[in-house]
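Below, read A as the first sequence line, B as the second, and so on, with proteins coming before strands; counting in each chain starts at 1.
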Amino acid sequence: MPRNATQSAIGAHLLAERIIDWYDVNARDLPWRGVDVDPWAVMVSEFMLQQTPVNRVLPVFEAWMVKWPAPADLAAESVGEAVRMWGKLGYPRRALRLHAAAGAIVADHGGVVPRDVDDLKALPGVGDYTAAAIASFAYGQRIAVVDTNVRRVVHRAVLGAAEAGQSTTKADFALTDSLLPSTPQRAARMSIGLMELGALLCTATNPVCERCPLRTDCAWVAAGRPAYDGKPKRVQKFAGTDRQVRGLLMDVLRDNERAVTKADLDVVWQDADQRERALDGLLRDGLAVIDENGLFALPD
DNA sequence: AAGCCGTGGCA
DNA sequence: TTGCCAAGGCT
């Protein structure tokens, strides 16, 4: 049974203070942060940041918010334009889900991003993490926001392990929750601080412990920074997979304002079977459509 | 619940 | 070069 926060060498109260103080000085100035955050901006950024680095998100986010400053603006747009604007962020199904979520916000929530966690989780593309992130960062609620950064920081600082497990567990959520201050405002501050710490210092490779506000009390540092001893994390292949082919096909569709021929798509990949499978997948997912002339395009 | 779903930077 | 990694969600 892992020690909880109150039994740790460093108490939850001090941990929160160290992290919040560090964040106040070291936080990056990102466009989806600020005193008067727009919940829609938080939501858009969270969708884009799913498995995608900040630096690649920044320019797309800026263009997106200029074009669609409110959920209703996106909902009124064709989903294909959302996919085109998504560009090469990757995982373009996120653009479909964000567009659908905007429609649901208009239909069910008066065009305002809901603040209730269950309402948020009911939106397409919003899971445990994203719902908590919006509830905390946009609305200042006290809820554990558990992403890969937070899991890593907590596992190191509190549990003394090099990395978290492969997936987020209820124990991860419970432990993170136990570390949060009682007041919603400080809890939200600590949540974003935990994430920032994991992103800037307590990184997966080459963590910068010397500059970490928790270094004197970190269980992992105290243990001599032992190596990860959990199950090996399998990294997915990309080269040669259907995902790569789908990406190449989407490239063609995005780069052409007008519908393209099958031949235009066929040039991107040699293996016909895999090509067909990838294209079928895109059609099934709604990322591509066939028109009445048998031409291929982004969805309407 | 294990596998699928993009993309590109970096060591 | 190849593998690892990046604010997950869905089935």
- line: Closest non-hydrogen atoms of A:I134 and A:V42, given as atom of the first, atom of the second and distance, are CA-CG1, 4.1 Å

statement: Looking only at B:dC5, C:dG9, B:dT7, the nucleotide nearest the A:R97 side chain is C:dG9

Donor-acceptor pair present, A:R243 side chain and B:dG6 base, under 3.5 Å: yes

query: What's the closest nucleotide to the A:R234 side chain, out of B:dC5, B:dA2, C:dG8?
result: B:dA2

- line: Testing B:dC4, C:dA7, C:dG9 for proximity to the side chain of A:Q50, the answer is C:dG9

- prompt: Between B:dG8 and C:dG9, how far is it from one P atom to the other, in whole Å?
  reply: 23 Å

Distance, rounded to the nearest Å, where A:Q51 contributes CD and C:dG8 contributes C1': 5 Å

message: If I take atom NZ in residue A:K231 and atom C1' in nucleotide B:dA2, what distance separates them, rounded to the nearest angstrom?
response: 11 Å

message: If I pick the P atom on C:dC4 and the same atom on B:dG3, what distance separates them, to the nearest angstrom?
response: 16 Å

field: Check: A:W64 ring centroid to A:W86 ring centroid under 6.0 Å
entry: yes

query: On a whole-Å scale, what distance lies between the P atoms belonging to B:dC4 and C:dA7?
result: 23 Å

message: Starting the side chain at C-beta, find the nucleotide from B:dG6, C:dC5, B:dC4 nearest to A:T205.
response: C:dC5

- prompt: What is the distance, rounded to the nearest whole Å, between atom OH of A:Y228 and atom P of C:dC4?
  reply: 13 Å

message: If I take atom CD1 in residue A:I134 and atom C1' in nucleotide C:dG8, what distance separates them, rounded to the nearest angstrom?
response: 13 Å

message: In this structure, how many angstroms lie between the C1' atom of C:dC10 and the NZ atom of A:K121, rounded?
response: 12 Å

- request: Taking only the side-chain heavy atoms of A:R94 (C-beta and beyond), determine which of B:dG6, C:dG9, C:dA7 contains the nearest atom.
  value: B:dG6

field: Taking every non-hydrogen atom, the tightest pair across A:A162 and A:R152
entry: O-CG, 4.2 Å

field: 5'-most by nearest nucleotide on DNA chain B - A:Q166 or A:R93
entry: A:Q166

task: Using whole Å, report how far CZ of A:R151 lies from C1' of C:dG8.
output: 11 Å

- request: Return the 5'-most residue of the pair A:R28, A:G125 with respect to DNA chain C, ranking by each residue's nearest nucleotide.
  value: A:R28

message: Is it the case that the side chains of A:Q50 and A:Y129 hold a donor-acceptor pair, with the cut-off being a distance below 3.5 Å and no angle test?
response: no

- request: Would you kindly give the CZ-to-P distance between A:R56 and B:dC10, to the nearest whole Å?
  value: 10 Å

task: Give a yes-or-no answer on whether the side chains of A:S191 and A:R142 include a donor-acceptor pair shorter than 3.5 Å.
output: no

- request: Go through the N and O atoms of the side chain of A:T52 and the base of B:dG6, and report whether any donor-acceptor pair is under 3.5 Å.
  value: yes

- prompt: Can you tell me how far P of C:dA6 sits from CG of A:L200, to the nearest Å?
  reply: 13 Å

